[in-house]
Amino acid sequence: MNKSLTRSIGFWLLLILSLASAGVGGWIIAGQLGTMTSTLLDGTATGIEVYVGQSLVVVGAALLGAGVIGILIAVALSAAQALVPSATPVVAEPIDWAAGSPESDESAIAAEATALDTPDETTDADADADETQNGSSGSIATATKINVK
């Protein structure tokens, strides 16, 4: 399977979803830390801002970490693909133009025509067997290998 890594849908999904996860995680962390810091310094912090903010920061950190790991995996896959040697292309045999010349085609057509013009010789036994069978596939036709009409 010589498929380029840049043409792989799975690779691009890994990279895009990792970037999205890291971006959303970073956005959640930055927003909650900013809110918690400003309300704690003002002295107006409530329990919801402090305790819910902490759990949202943990969720954001998990998303950020998953995104970073996904990006690192994508980079490792790119490096591994660069280290694996690519398959060398197979060189096809040169075309023998003489084999397809019109002169050889004419001689082949003439040989086929003479073979088709000669009638098959049938014996009297074959003719008698054909008449007695009348289209049935009895044991005589099978045993003597006679074509039944």
Side-chain angles (χ1 to χ4, degrees), residues 1-122 126 130 133 135-149:
M1 181 171 179
N2 292 329
K3 190 174 184 182
S4 174
L5 189 62
T6 57
R7 295 184 63 173
S8 172
I9 294 173
F11 174 76
W12 288 110
L13 281 174
L14 172 68
L15 189 61
I16 290 170
L17 292 176
S18 297
L19 287 171
S21 176
V24 168
W27 175 70
I28 289 174
I29 290 172
Q32 290 302 316
L33 285 180
T35 301
M36 283 174 39
T37 302
S38 64
T39 55
L40 285 172
L41 290 178
D42 291 346
T44 60
T46 63
I48 293 175
E49 290 171 342
V50 174
Y51 296 117
V52 173
Q54 289 176 356
S55 59
L56 285 176
V57 167
V58 170
V59 169
L63 287 173
L64 179 64
V68 168
I69 289 173
I71 292 169
L72 291 175
I73 290 173
V75 169
L77 283 173
S78 297
Q81 181 71 24
L83 292 176
V84 173
S86 62
T88 57
V90 178
V91 178
E93 296 179 10
I95 299 173
D96 186 14
W97 294 106
S101 68
E103 295 140 3
S104 65
D105 289 342
E106 289 173 4
S107 63
I109 292 171
E112 286 179 21
T114 58
L116 292 177
D117 289 340
T118 59
D120 292 337
E121 297 180 9
T122 60
D126 292 341
D130 285 341
Q133 289 296 315
S136 67
S137 60
S139 62
I140 297 172
T142 305
T144 60
K145 295 184 180 179
I146 297 172
N147 292 333
V148 179
K149 295 181 183 178

More than 12 heavy atoms from other groups under 6.0 Å of CG on L83: yes
Check: S21 side chain, L17 main-chain N or O, donor-acceptor pair, under 3.5 Å: no
Heavy-atom pair of closest approach, residues A74 and F11: O-CE1, 3.5 Å
Nearest heavy atoms of V57 and I29, plus distance in Å: O-CG1, 3.8 Å
L14 versus I73, closest heavy-atom pair with distance: CD2-CG2, 3.7 Å
Heavy-atom closest contact (M36 atom, V50 atom, distance): SD-O, 4.0 Å
Distance in Å, L72 CG paired with L77 CG, rounded so as to fall on 0.5 Å steps: 11.0 Å
